[in-house]
Number of protein chains: 2
Amino acid sequence: MKRVTLEEVARVAGVSRATASRVVNGASSVDESLRHAVQRAISSTGYLPNIAARSLVTRRADAIGLLLPDERRMDGDPHLASVVSGVTRVVRPLGVHLVLMMTGPGTREQAMSDLRCGRLDGVILVHTDPADPVPGQLIEAGLPVVLAGRPLEPMPITYVDVNQTAGAALAACRLKSLQCNRIATITGPQDTPAGQDRLAGFLAEVPDAVVVHGDFTRQSGVAAMEHLIRRCPDVDGVFVASDLMANGAIPVLHRSGRKVPDDVAVVGFDDSSAALTSEPELTTVRQPITDMAAEMARQLLRQITEPRSPAVSVVFEPSLVVRDSG
Amino acid sequence: MKRVTLEEVARVAGVSRATASRVVNGASSVDESLRHAVQRAISSTGYLPNIAARSLVTRRADAIGLLLPDERRMDGDPHLASVVSGVTRVVRPLGVHLVLMMTGPGTREQAMSDLRCGRLDGVILVHTDPADPVPGQLIEAGLPVVLAGRPLEPMPITYVDVNQTAGAALAACRLKSLQCNRIATITGPQDTPAGQDRLAGFLAEVPDAVVVHGDFTRQSGVAAMEHLIRRCPDVDGVFVASDLMANGAIPVLHRSGRKVPDDVAVVGFDDSSAALTSEPELTTVRQPITDMAAEMARQLLRQITEPRSPAVSVVFEPSLVVRDSG
DNA sequence: CTGAAAGCGCTTACAG
DNA sequence: CTGAAAGCGCTTACAG
C-alpha cells in the first residue's frame, strides 16, 4: 500500500505538479487533453490527495466541530441523531468532517484551541449553558460559530431556532379548540430561552392558565403533574413544554384515575421519540430538527468562507402533530 | 491574531526548532533549563502546534471515525449519546478527534478513502449491515477497525460485544423465578447476531417458550404482541428482546385487559431510554454501553499504534435491572 | 543533549 | 494555459 503522491500522478500524466494539482482541484482553465491525461493518471494510480499537506497550505481543516452538552444533559434532548443527520447532509458532499465533542472537563477550551490552531474551521454549539463564556469568546475572536437556539442575552451571533412562541400558541389553540375549560401548562426551565418563550407564547393565548414549573426532564414532568392535579383537580387540558416531561406526566394522570385525552387533553412539544413511546401517543408541536441542523451547517460554512460576515438568525416555523393525547 | 510558529518559540527561547519541537512533544532528554526556557516561550507566545504540519510528517491524523447507520436505523438504537460519550472519554485526553459519519449514499467509500489518504487513523463500525462488504475490505487492507458487536460471519476482526446469550438467560431466570408458567419471547431479527443470540440464550433456559418474531423496532413489538396474545392467550411471562419493542408491546397487553406485571410479566433488553418511558418501567437486561464504547476506542487506538496486532474480541457481562414490569 | 538540514505532499503567486 | 520554485509548519534521522 504505497502512498501515491501528486508528483507521481504528474509524472504519469506527463505534466507538472502544478497542472496536476489544478485538475485535482477543478481549476477553471486547464487544456482539455491535459485534463484528461491527468484524470487517467489519477484513476490508474488510485491517487488520493493528502489532506494534511493540503491543509498546511490552504489553512483550512475542512472540519467543523459539534459541541454537545454531556451525556446526562443529552438525555433531555433526544435529537442528537437528527442533528447529526442534518449537519452531515450538507457537510459531507463538501468533504468536510464533522467532529463531535461532548462537554467534559476542558472540552470547551479544547475546542477553542482546535479552532485557533486551525484544526477546526468552525463550531456549532448545542444547548450551551446560558452562563457559558465560550460563545462570547468565540465571536470576539472572530471565529466562525453558530448556536442552536437563541442565546439568552442578545448578542451578535448567528443562531438557528424554531419559533418557540408560535409553537406554544399552536398548542394553546389546540387545547382551546378541544373545548378545554381549565387549562394549565407545565413549563421548561425559566432560565433558558426555550423555557421562557414556550411559557410566554402559551400565556399570550391562555392568560388565565395555571402554571406549574418543570425543567424539561421526565422526572420533573411527574412531579409537576402531581403538583398540578393537587392544586387544580378539575384541569382538563395541559400543555407540557417538552415531550419528555409529558411522558412522565401522563402516567400520573392515569394513576389518578383520569383518562387521556377524554378527561384531560395533553399536548407536548418537540415531537421527539418520547412522543411515540407515550401511551397514548402524544399530540405535540414539531420542530424540523434535521432541517434546522442543515441550516446551521450552511450558516457555519458561509461564515468560514466569508469571515466577518454579519450575524443572522434563522427561525423555523413549528407545526402541530395531532395524535391521540389531545 | 497572528499564527505563532515553532520557529518563533525557538527564537524566543533561544534554542533550535528541533529542541523546541522536542519539548512540545515531551521528548525524553532535553536539558532542564532549556526545557524551561521553551515552556516559558510557549506560554508567553501562546503557541499552538499546527496539526496539519505535524500530520504531514508523522503520518497520523489523530482522528478516528465512528460509522453509524442512518437516522432511521439509529432510531432503533437509542445508545448514540452513550457511545459517543464512552469513546470521547478515552480519546480526548489523547487529543484524538472523533469524526462522525452517518451512513448515506457513498459514506462507506468515503470512510475508506479517508482511511487510505490518512485523514482518519481508524474507524469504529456500529450496526453494520451483515451483508456490508466494508469491514472485510478494511481488515483486508490492514486498516485499523473495530466492530460494535460480533460479526455475523466469523472473521478475524476485533469487536466488542455484550454476552447476549447470558443476558437472555438472565431474563429467562427472572421470569422463572416469578413463577411464570406460560412463557414466550418476542425476538429480534434473526439475521443479526444479537437477534440470534438473545433467542438462543433464552431457549436454552426455557426450551418450550412460545416464539414470536420481531425486528427490534417499536412497531414490530406491537404487532408481535398482538399476534402472541391471539395465539397464546394464557401467556403470563414474556421476554421481549429489546426495550423499544417492549415499549410497543406493553400497551397492547393493557388494551387487552391484562395488567403488567400482575397478569403478564415483561422483561426487556438494553436498558435504553425506552425502559424508563414505558409504563410500568421496564425490568430489563443492561449492557454497559459506555464502557463498551470506551473499550472499542482503546482497541482501535492499540491497532493504530501497533499495526497488524492480532484481532481480539472483548465481551462484557450484562446485568439484570429489576424495575416494575416483571 | 543539541542543531543544521532534509523532507513530509501539497498549493499558489510569478513568469512566460 | 503551463511550469519552476517557493513555502506552508512541523519532525526526525544524522552528525557532533
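So you know, we letter chains A, B, ... as the sequences are listed, proteins then strands, and number each from 1.
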Does this structure show an ion pair linking A:D291 with A:R89, if we count only N-O contacts that are shorter than 4.0 Å? yes
Residues in salt bridge (Lys or Arg N to Asp or Glu O under 4.0 Å) contact with B:R54, at least two apart in sequence or another chain: none
Taking salt bridge (Lys or Arg N to Asp or Glu O under 4.0 Å) as the definition, give me every residue that meets it alongside A:R60, ordered by chain and number, with sequence neighbours left out. A:D62, A:D121
Going from CG on A:L98 to CG on A:L66, what distance comes out if it is rounded to the nearest 0.5 angstrom? 5.5 Å
Using atom types as modelled and distance alone, determine if a side-chain donor or acceptor of A:T45 lies under 3.5 Å from a backbone N or O of A:A41. yes
B:S43: which residues meet the side-chain hydrogen bond (donor to acceptor under 3.5 Å, both in side chains) condition with it, sequence neighbours left out? none
Apply side-chain hydrogen bond (donor to acceptor under 3.5 Å, both in side chains) to B:T5 and list each qualifying residue two or more places apart in sequence or on a separate chain. none
Determine which bases of DNA chain D form Watson-Crick or G-U wobble pairs with both distances under 3.5 Å, and write the result as a 5' to 3' dot-bracket string with | for other-strand partners. |||.||||||||.|||
Do we see a donor-acceptor contact under 3.5 Å between the side chains of B:E295 and B:Q299? yes
In 5'-to-3' order, the base (B), backbone-only (S) or no-contact (-) status of each nucleotide in nucleotides 7-16 of chain D, using a 4.0 angstrom heavy-atom cut-off, is -BBBBBB---
Within the structure shown, what part of the strands sits under 4.0 Å from B:I51 by heavy-atom distance: base, sugar-phosphate, or nothing? nothing
B:E32 CD - C:dT2 C1' separation (whole Å): 15 Å
